[in-house]
Amino acid sequence: MSAKLHHNTPTIFVIFGATGDLTRRKLIPSLFALFRGGFLPHTFRIVGFAHSEHNDAEFAHMMREVLVTHYGTSDALQAEITQFVEMISYQQGGFEDAEAYQMLAEKTIALEKTIGQCTNKLFYLAVPPMHYEVLLRNLAHSGMTIPCNDAVGWTRVLVEKPFGDDLETAQELDALLGNLFHEEQIFRIDHYLAKETIQNILTFRFANTIFEPVWSNKYIDRIEMVLAESLDVGTRGNFYEGIGALRDVGQNHMLQTIALLMMDHPGTLDAAAIRRERAAVLTRLQPMPHFLDHVVRGQYDGYRETPGVAPASETETFFHLRAMVDNARWRGVPITLTSGKALDAKETVVRVFFKKAPSFADTIEGYTMHTHRNIVTFRIQPQEGIDMTFFAKRPGLVGDMAPRAFGFDYRETENVTEPDAYEKVLFDCIRGDQTLFASTEEVLATWRFVTPILTQWKDVPLVSYAKGSSVDAIVE
Ligand code: BG6
């Protein structure tokens, strides 16, 4: 990260769902990393809110264990962990228990008294979406979302995906959030947007003059994105069942990536301009004509035995479909989106295939006939980098060509550890930078694209695949 935090108003960070998996795996480790790097406001407090009974000390102790498991037990770290957990307290309560929110409000007021001034408040909803409505209403009634005054003390809400499970439910959630908060207070998280390699798509496109002039249907033939995971659904059956791969990673992570790849130049690099251009692309997204002829829905063998999954489940754990952006710049360029769980490898890549170069082989004596194309590959993870294939003459008396590559590999080139995407999410939210968060227009546009597909493809038979299959084997 290049800039330390300039906004130093004391801040209280409330985590709803504080004993859950996300808090342990991501939030606490990321907050600690920000703390160590000096990226948190000088005065910072974390208040956990969840159903189970704990007092402040017990909860702080649990979070200490989380950090020890995550970062180890070196002496240097121990002191910092001790300092960090001193900032943590806890409020027990059910999400539907209005009284518990009053107690939480009193707790924040007490903290403000000790701090000696009005604070910013950030509310993180690390809870299953079925709790959003009651939680947001109770939160609003508690009065905590009202800033102390106009000058200091902003309040913001961080919402995890999924934002609804179709267009209608997304609109309902949006209306609810819109009633309680202004758009500039709402931070809808898509952790893909916060990945270094995804952010770099913008830099690659707009900081290099050589790509933008050829970035259209005039020169680009097709675009493919693959988000392959080797892990299966594991213990997340209750969440995943009925949701499926398209909703889980397609509607959000993949479409947001495509939006960055295909959006127009935003003019300036401010959040509103970038979000506007991403939304503009997403609004023009459509399935390719006759997409049902090419769609593949799959389910890995054994998925139906996962706890929480129906014995005759029709939920897809794999999908492959073709879309296009119907505007002058992109009309006619197929976008293939493929994702699945329990595949042979974990790898996310985006490949941009250029049109075939006109062959000069038949005009120059001695050249072997080649039809070739350039390919730009964004390796999002795990081997982060960007490659570009081009063709070069092979040394020799007869002219022959061979594919060669320019490559940029993060690990070889950058001598820094990439921050976890959640560090970036939390850092930007505290700074108030919404660039890497999905706007209401973007979310609704992605659901407008996905919802009719979900309705239409129900009748497409599910292909079963063995765990560890390759994408090619399933799509064949
Ligand atoms: C989450 C999905 O949003 O993204 C998971 O719910 C998926 O099912 C994950 O595994 C993929 O994220 P990453 O960062 O591991 O590619």
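The shown structure was predicted, so the numbers you read here are calculated from the model rather than taken from an experiment. Whatever order the structure lists ligands and atoms in, that order sets their numbers, starting from 1. Keep in mind that the numbers below use all heavy atoms, side chains included, and drop hydrogens, waters and symmetry copies.
Summary of contacts: the protein heavy atom closest to atom 9 (C) of ligand 1 is E229 OE1, 4.2 Å. The protein heavy-atom contact nearest to atom 15 (O) of ligand 1 is K346 NZ, 2.9 Å. Residue, atom and distance of the protein heavy atom nearest to atom 12 (O) of ligand 1 are H191 NE2, 3.2 Å. Of all protein heavy atoms, the one closest to atom 14 (O) of ligand 1 is K195 NZ, 2.6 Å. Distance from atom 4 (O) of ligand 1 to its nearest protein heavy atom, with residue and atom name: H253 NE2, 3.3 Å.
Note: F390 and F406 have parallel aromatic rings, judged against thresholds of 30 and 60 degrees for the angle between ring planes. Ring pair Y303/Y300 is perpendicular by interplanar angle, where above 60° counts as perpendicular and below 30° as parallel.
Remark: of the listed residues Y71, F35, F44, F35 is the sole one forming a ring pair (Phe, Tyr, Trp, His ring centres under 6.0 Å) with F84. Of the residues R25, K26, K195, the one that meets the side-chain hydrogen bond (donor to acceptor under 3.5 Å, both in side chains) test with D420 is K26.
Using a non-hydrogen distance threshold of 4.0 Å, D248 registers as a contact of ligand 1.
For Y192, every heavy-atom contact with ligand 1 shorter than 4.0 Å involves the side chain, none the backbone.
Residue Q381 has at least one heavy-atom neighbour below 4.0 Å for each of these atoms of ligand 1: 13 (P), 16 (O). Those atoms of ligand 1 with a heavy atom of K341 less than 4.0 angstrom away are 5 (C), 7 (C), 8 (O), 10 (O). Residue contact check: K161 has heavy atoms under 4.0 Å from atoms 1 (C), 2 (C), 3 (O), 6 (O) of ligand 1.
Between the CG atom in L246 and the CG atom in L255 there is a gap of 7.5 Å [rounded to 0.5 Å].
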Task: Chi angles and distances behind the side chain to side chain donor-acceptor pair (under 3.5 Å) call for D409, Q383 - done: CA-CA 7 Å; D409 189 286; Q383 197 59 51; 3.3 Å; yes
- [ ] Tell me, with the steps shown, if S313 and E241 meet side chain to side chain donor-acceptor pair (under 3.5 Å).
- [x] CA-CA 8 Å; S313 169; E241 174 61 358; 2.9 Å; yes
